[in-house]
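Only one structure is covered here, and it is reproduced in the block below.
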Amino acid sequence: MEDRLNEDIFQANNLETERPREWAAMKIIAVIVTYQPDIQKLAELLDSLLPQVSICVLVDNGSSAATRDHLQRTCSGQIEFIFLASNTGIAAAQNIGIARAREMAGDYVLLSDQDSVPGRSMVATLAAAIENQQNEGIKVACAGPRYIDMRQENPPPFIRVRGLRLERCSCQTEETVVPVDYLIASGCLIPMPVLDRIGGMREDLFIDYVDIEWGLRARKSGYQSIGVCAAGMAHSLGDSPIALFGRKFPMHSPLRHYYHFRNAILLYKESWVPLNWKCVDGWRLCLKYVFYSLFAQPRPAHWKMMTLGIWHGLGGKAGKYDKE
């Protein structure tokens with residue numbers, strides 16, 4: 001299994017996609033959000049991404065002064081740094097980067113986390129897929145790659161809800177383009193006119209469900225998110241997974257579980273979110289609550305933060321978590 005995944009990563013990082021003639025004239029600006037990043041991993045990201053885009057806007061979300069100095073010393077090239085005084089959350093940082101990309105007259109924005117490594121032709125492949133879909137009359141919200149977490153046993157599939165079923169859409173061929181409800185933010189290529197029409201990320205969510213909320217909001221306005229199987233990216237999702245029952249399950253910190261459960265409830269309270277989507281995602285949330293209460297360590301901390309997140313979500317509390 002590991003050999004097959006390594007082969008998938010190799011293929012994803014060596015795909016050669018012919019750039020459309022119009023693509024070369026497009027200004028694609030990458031917005032990378034960092035917080036206390038691993039400099040070596042960030043360097044891998046930049047080495048792969050910089051040749052694919054016009055410029056990178058790196059928004060650092062309140063890292064220490066030593067980390068900021070290290071970033072400026074070690075990360076060079078077509079990078080513009082924006083250093084925030086404190087951690088404003090992923091959504092606010094992305095919006096700051098998007099606003100700067102708009103000032104630069106960018107045609108596309110490529111969002112990226114600090115722990116992703118795109119395939120060397122990922123951006124061109126995503127741009128070509130958007131153009132092809134638009135030529136077929138589809139209003140594309142964004143395009144995202146097939147990502148692989150090497151700690152997991154299987155590449156995570158693209159996800160969509162049909163009726164009361166969750167469909168996990170695997171890639172049958174490299175040419176497959178999958179219509180989905182939303183995409184993870186990292187590796188997501190968004191046309192600037194779509195951001196102008198749909199708006200930016202919802203900042204009061206702070207982190208978690210930010211990409212889901214934006215994808216559903218775009219869908220509500222008639223735009224379709226697409227998963228592009230020919231585009232590849234290595235991405236670490238959460239902390240080290242839990243190995244149980246012969247499977248590996250994604251794992252997050254108790255604080256991340258707070259945001260996950262709180263923001264899910266906040267989204268369920270929105271009248272415009274489809275009822276069937278709420279039902280399917282809500283059932284999954286219940287299963288996660290039981291699973292992490294039983295198996296995440298330390299159990300009391302995870303149970304407490306998930307329960308607090310549900311309580312705050314029901315009460316309409318949003319923004320950054322305040323211990324007080």
Step by step, work out the side chain to side chain contact (heavy atoms under 4.5 Å, CB included) result for I190 and Y108.
CA-CA 6 Å; I190 313 174; Y108 286 89; over 6 Å; no
Short side-chain to backbone donor-acceptor contact, R262 and G316, under 3.5 Å
no
Does a sphere of radius 6.0 Å around CD in Q297 hold more than 12 heavy atoms from other residues, nucleotides or ligands, not counting ones at 6.0 Å or beyond?
yes
Looking at Y268, I'd like to know if the NZ or CZ of K278 sits under 6.0 Å from its six-membered ring centre while staying within 45 degrees of the ring's axis.
no
Would the F206 and Y259 ring centres measure less than 6.0 Å apart?
yes
Looking only at heavy atoms, which two atoms of G313 and K269 are closest? And how far apart?
O-NZ, 3.3 Å
Separation between CD1 of I32 and CG of L42, rounded to the nearest 0.5 Å
6.5 Å
Working to the nearest 0.5 Å, report the span between CZ of R146 and NE2 of H235.
15.0 Å
Do side-chain atoms of Q36 reach the backbone of S64 as a donor and acceptor pair under 3.5 angstrom?
yes
Do the side chain of W214 and the main chain of G199 share a donor and acceptor less than 3.5 angstrom apart?
yes
Roughly how far apart are Q94 CD and C188 SG, rounded to 0.5 Å?
9.0 Å
Tested for side chain to side chain contact (heavy atoms under 4.5 Å, CB included) against I79, the lone hit among V57, I55, L50 is L50
Side chain S48, main chain L45, donor-acceptor under 3.5 Å:
no
For a quick check under 3.5 Å, do Q172 and S170 share a side-chain donor-acceptor pair by atom type?
yes
Where do I82 and I96 land on the side chain to side chain contact (heavy atoms under 4.5 Å, CB included) test, with the steps shown first?
CA-CA 9 Å; I82 300 177; I96 290 169; 4.1 Å; yes
Side chains of N61 and T34: does their closest heavy-atom pair fall under 4.5 Å?
no
Using side-chain heavy atoms (C-beta onward) and a distance below 4.5 Å, is N135 in contact with E131?
yes
Should D181 and F158 count as side-chain neighbours, where that means a heavy-atom distance under 4.5 Å?
no
Flag the pair I159 / C169 as yes when at least one side-chain heavy-atom distance between them is below 4.5 Å, and no otherwise.
no
In this structure, CZ of R165 is separated from CD of E167 (nearest 0.5 Å) by 4.5 Å
Taking the six-membered ring for Trp, are F81 and F83 closer than 6.0 Å centroid to centroid?
yes
Which value, rounded to the nearest 0.5 Å, describes the distance between I130 atom CD1 and T125 atom OG1?
11.5 Å
Ignoring hydrogens and geometry beyond distance, is a side-chain donor-acceptor pair present between H302 and H257 at under 3.5 Å?
yes
For the Cys pair C229 and C171, is the SG-SG distance shorter than 2.5 Å?
yes
Beyond-backbone contact of N263 with R202, side-chain heavy atoms, under 4.5 angstrom:
no
With a sphere of 6.0 Å drawn around NZ of K288, does it hold more than 12 non-hydrogen atoms of other residues, nucleotides or ligands?
yes
Spell out, yes or no, whether W303 and F291 are grouped together once hydrophobic residues are joined by side-chain heavy atoms under 4.5 Å, including indirect joins.
yes
Please indicate whether K220 has more than 12 foreign heavy atoms, meaning atoms of other residues, nucleotides or ligands, lying under 6.0 Å from its NZ.
no
Quick one: does S225's side chain have a donor or acceptor within less than 3.5 Å of a partner on A141's backbone?
no
A side-chain contact here means heavy atoms from C-beta on lying under 4.5 Å apart; do Y289 and F261 qualify?
yes
Do the non-hydrogen side-chain atoms of H260 and L285 ever get within less than 4.5 Å of each other?
yes
Checking V53 against I29 for the side chain to side chain contact (heavy atoms under 4.5 Å, CB included) test, could you report, in this order, the C-alpha distance in whole Å, the side-chain angles of both residues, the deciding distance, and whether it holds?
CA-CA 6 Å; V53 299; I29 299 177; over 6 Å; no
Which atom names give the shortest non-hydrogen contact between L164 and C279, and what distance separates them?
CD2-CB, 4.1 Å
Is there a donor-acceptor contact under 3.5 Å from the side chain of Q52 to the main chain of M122?
yes
Checking side-chain polar atoms at under 3.5 Å, does D60 have a donor or acceptor matched by the opposite partner on S63?
yes
Closest heavy-atom contact between V178 and R160?
CG1-NH1, 3.9 Å
Backbone of Y35 reached by a side-chain donor or acceptor of Q114 within 3.5 Å
yes
Are the charged groups of K320 and D322 less than 4.0 angstrom apart, N to O?
no
Check for a donor-acceptor pair, side chain of D281 on one end and backbone N or O of W277 on the other, with a separation under 3.5 Å.
no
S186 side-chain N/O to D113 backbone N/O, donor-acceptor pair under 3.5 Å:
yes
Assess, by modelled atom type and distance only, whether the side chains of D208 and Y258 contain a donor and an acceptor separated by less than 3.5 Å.
no
Testing the basics here: between V109 and L195, what is the closest heavy-atom pair and its distance to 0.1 Å?
CG2-CD1, 4.0 Å
In Å and rounded to the nearest 0.5 Å, what is the NZ to CG distance from K317 to D204?
13.0 Å
Between P191 and Q134, the two heavy atoms sitting closest are CG-NE2, 4.4 Å
Using side chain to side chain contact (heavy atoms under 4.5 Å, CB included), reason through Q133 and I226 one step at a time and then give a plain yes or no.
CA-CA 9 Å; Q133 293 288 298; I226 57 173; 3.7 Å; yes
Tell me if a side-chain donor or acceptor on N95 pairs with a main-chain N or O of M201 at a distance below 3.5 Å.
yes
When you look at E103 and R100, which way does the salt bridge (charged side-chain N to carboxylate O under 4.0 Å, His left out) test go after all the steps?
CA-CA 5 Å; E103 291 173 356; R100 182 64 185 123; 2.9 Å; yes
For the student: nearest non-hydrogen atoms of A296 and M251, plus distance
CB-CE, 3.4 Å
Can you tell if the side chain of P37 reaches within under 4.5 Å of the side chain of T67, non-hydrogen atoms only?
yes
